[in-house]
Amino acid sequence: MINIAVLGYGTVGSGVVEVIETNKGMVDKKATHKLNVKYILDLRDFPGDPYESKVVHDFNVILNDDSVNIVCETMGGVGAAYQFTKQALEKGKSVCTSNKELVAKHGPELLEIAREHDCNYLFEASVGGGIPIIRPLNYSLTAERIDAITGILNGTTNYILSKMEREGADFADVLKEAQEKGYAERNPEADVEGHDACRKIAILSSLMLGKNVNSEKIFTEGITKITAADFVYAKEAGYTVKLLARAKRLNDDETLAMVAPFLIPKDHPLAMVNDVFNAVFVTGNMLGDSMYYGRGAGKLPTASAVVSDVVDCARHQGKVITCFWDKEDAKLADIGEIEKTYFVRAKISVRQKVEEAFPGGKALTVGRSEDFGYFTGAMKEKEFMAKYEALGEDVLSRIRLI
Ligand code: HSE
């Protein structure tokens, strides 16, 4: 029998218990051991809950119980979750987590501690919720040099952008409605400013490179400036707007990593990923493109991924599952030097100024009297931004093309 402790009995933690209970016989068979939830750590009590008797408030009860083999860290944050994870691994207990913030910040250190203590730190649920993406990168695509990963990695922003496109609504209205329905957090900053997607692409790109991609060094821009008007132009030109998290090898030692809204052609596979769904588009040098799609958030999808890690740990008791993610920092490219084309929306009154600033581009009109659209030619980001900012307030928005 394998004893499990669940840290945090919130949405994902209670989902972990539910998945193990619902799929009991099947999961036990796949784990090659009977899985038993022995403890649930939470500050609260849960009177009337079927697992009420398993609830403990002191982590030391779990830490000092040698019969606990696997810990599921579903607390979130980088404070207590970090300390508990470290302590559990140092005791040789494997840890399975959905905590993307912790994995992005301390992944290589925690993996090293796990290796030194013949146990595992697994984090399938930290990116893409229930979508298998960590295991494909670690196991299935090991014959590949992964050259690029592009993902829709945040369900909240994808829901907002999908609704803005479908209903012609503005960002603030859709956000408010998403909050009222409980889809978006009360404090939605980490989602709408791109920080959540940034942590997730930091994890994926670290696995892609085998080196550490520091999330704080990833260029990150959110979706708060995207308007309903931008979607009108995007549609006319055959595009949609998606918040993409991208990592791309530029050469042997430099990688581009960024999170930003992009215009992508309507026939791109990622353009078809709508609402709260996530997808990860991976380009390997042998396989070419492959895409992983599914529910990127939510109780049971995320819990399913945590439990898949529990099964993996159970199958590999006493053995270390190889994961290439060194502490050495990967070299990230200066985004200012990267060439792209840009969509610009500006007041009609400055059309001539825009065309002079970005010669060789192409104007786009959609029958609106207040503004017009313009696609620049390819140019370096730093040159584009200098010219864009110099145009002043009559230039209303800009979006990069994929
Ligand atoms: N806030 C995240 C999202 C939850 O909207 O995708 C899953 O990581």
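In listed order, ligands and their atoms are each counted from 1. What you see is a predicted model, and the numbers here were worked out from it, not measured in a lab. Side chains included, hydrogens not; waters and symmetry mates left out as well; all remaining heavy atoms used.
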**Request:** Just need the protein heavy atom nearest to atom 6 (O) of ligand 1, so name the residue and atom and give the distance.
**Result:** G155 N, 2.7 Å
**Asked** Of the non-hydrogen atoms in K266 and T240, which two are nearest, and what is the gap between them?
**Response** CD-CB, 4.0 Å
**atom 1 (N) of ligand 1 [closest protein heavy-atom partner, distance rounded to 0.1 Å]** = D191 OD1, 2.9 Å
**Prompt:** Are E185 and ligand 1 in contact, using a heavy-atom cut-off of under 4.0 Å?
**Reply:** no
**Asked** Strictly under 4.0 Å, does any heavy atom of G129 approach an atom of ligand 1?
**Response** no
**Request:** Using a strict 4.0 Å threshold on nitrogen-to-oxygen distance, state whether E221 and R400 make a salt bridge.
**Result:** yes
**Atom of S215, atom of R199 and distance for their closest heavy-atom approach** = CB-CA, 4.4 Å
**Message:** How far is atom 8 (O) of ligand 1 from the closest protein heavy atom, and which atom is that?
**Reply:** K100 NZ, 2.6 Å
**Asked** Where do A125 and D309 come nearest, in terms of heavy atoms and distance?
**Response** N-OD2, 4.4 Å
**Request:** Heavy atoms only: give me the nearest L35-A314 pair and the separation to one decimal.
**Result:** CD2-CB, 4.2 Å
**Message:** T156 versus ligand 1: do any nitrogen or oxygen atoms come within less than 3.5 Å of each other?
**Reply:** yes
**Item:** K327 to N212 - nearest heavy-atom pair and separation
**Value:** O-CB, 3.6 Å
**Item:** For A297, the ligand 1 atoms whose distance to one of its heavy atoms is below 4.0 Å
**Value:** 4 (C), 7 (C)
